[in-house]
Amino acid sequence: MKPRPRASKLVFAFSDQGLKERLCARLCSSYGRWLGGFRTVENRSGGKRDGYAVEALGGGRSVLASRSIVSPVSFNKYALDLGALERVALPALEAAAAAGRVLLFDELGPMAMRSKAFSGRAVELLFSPSPCLVFFRRGAAAFEEAFARMDDTVIIELTEEGWAEAVAAAESWLDALAARMETK
């Protein structure tokens, strides 16, 4: 599905972590000047995933989930440091909103929802007039339902078969936003 150039929210639903990371890295590399927010990246040790880090565009990184940290909060096999979202992701989103940038939410999922402070403010930002580029893991029913009901939102299923179409749609959408941002 090709996003309407004036749609303010572009959402990618994904199942393949590697595919999501590939697209997000490509968009951040090409459109970093107009994006602000955060990325969620895998931490690897000895060729195996050890957890995830949250990384602010423009600087700042903290471990979000790991087998090697101690926390009263966990998800699957990982202990969670929810403060990482509040220390890194939230300030990055707030700064991006204040600067009039496209807000990057990479990724919204069950770990992010464990932080009441983060999820509450994230929802406010998602419903704000700010343009948002969002990645969420397929199967997160709460997100699927919420995004499906949001006006001015285009949802694209990110798959290997639809890769070229997803890239073209994202680039077209971001090109239109960047052109409008340049004329302000």
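Computed from a predicted structure; not experimentally measured.
Taking CH2 from W34 and CG from L133, the interatomic distance works out to 14.0 Å, rounded to the nearest 0.5 Å. S119 OG to M111 CE: the interatomic distance, rounded to the nearest 0.5 Å, is 14.0 Å. For the atom pair CZ (F75) and CG (L80), the distance works out to 8.0 Å, reported to the nearest 0.5 Å. In this structure, the separation between CG on L126 and CG on L108 is 6.0 Å, given to the nearest 0.5 Å. To the nearest 0.5 Å, the span separating CG on L27 from CZ on F12 amounts to 6.5 Å. Separating the SG atom in C24 from the CG atom in L19 is a distance of 11.5 Å, to the nearest 0.5 Å.
Using a 4.5 Å heavy-atom threshold, the side chains of L90 and L85 count as separate. Side-chain atoms of V41 and R61, non-hydrogen and from C-beta on, do get closer than 4.5 Å to each other. With contacts defined as side-chain heavy-atom distances shorter than 4.5 Å, the pair F135/L23 qualifies. With a 4.5 Å cut-off on side-chain heavy atoms, L125 and C132 do not count as touching. The closest side-chain heavy-atom distance from F147 to K9 is not below 4.5 Å.
The side chain to side chain donor-acceptor pair (under 3.5 Å) contacts involving residues 108-117 comprise E86-S115, where partners must be two or more places apart or lie in separate chains. The stretch residues 62-77 participates, sequence neighbours left out, in no salt bridge (charged side-chain N to carboxylate O under 4.0 Å, His left out) pair at all. Sorted by first and then second residue, the pairs that involve residues 36-63 and meet ring-ring contact (aromatic ring centres under 6.0 Å, His included), not counting sequence neighbours, are F38-F118, Y52-Y78. Listed by first and then second residue, the ring-ring contact (aromatic ring centres under 6.0 Å, His included) pairs involving residues 53-73 amount to none (not counting sequence neighbours). Among residues at least two apart or in separate chains, salt bridge (charged side-chain N to carboxylate O under 4.0 Å, His left out) pairs with a member in residues 104-113 are K20-D106, K20-E107, R39-D106, E107-R137.
Residues D81 and V63 share a closest heavy-atom pair of CB-O, 3.6 Å. When all heavy atoms of D50 and S45 are compared, the closest pair comes out as CB-CB, 4.2 Å. In terms of heavy-atom proximity, S15 sits nearest to R138 at OG-CB, 3.4 Å. Scanning all heavy atoms of the two residues, the minimum distance from A56 to A92 falls at CB-CB, 3.7 Å. The two atoms that bring A166 and L158 nearest to each other are CB-CD1, 3.8 Å, heavy atoms only. Across all their heavy atoms, W173 and A7 have their closest contact at NE1-O, 2.7 Å.
For the side chain to side chain contact (heavy atoms under 4.5 Å, CB included) test with L10, the passing option among I155, V154, L174, L177 is V154; the others fail.
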Please set out all donor-acceptor pairs under 3.5 angstrom arising from side-chain atoms of residues 93-105, sequence neighbours excluded.
{"unit_1": "E94", "atom_1": "OE1", "unit_2": "R121", "atom_2": "NH2", "d": "3.0"}
{"unit_1": "E94", "atom_1": "OE2", "unit_2": "R121", "atom_2": "NE", "d": "2.5"}
{"unit_1": "R101", "atom_1": "NH1", "unit_2": "L35", "atom_2": "O", "d": "3.3"}

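A donor-acceptor pair under 3.5 Å is absent between the side-chain atoms of S130 and the main chain of S128, judged by distance alone.
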Take R26 and E21 through the test salt bridge (Lys or Arg N to Asp or Glu O under 4.0 Å) and record every step on the way to the result.
CA-CA 8 Å; R26 179 178 179 147; E21 288 193 16; over 6 Å; no

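With no hydrogens or angles considered, a side-chain donor-acceptor pair links S62 and R87 at under 3.5 Å.
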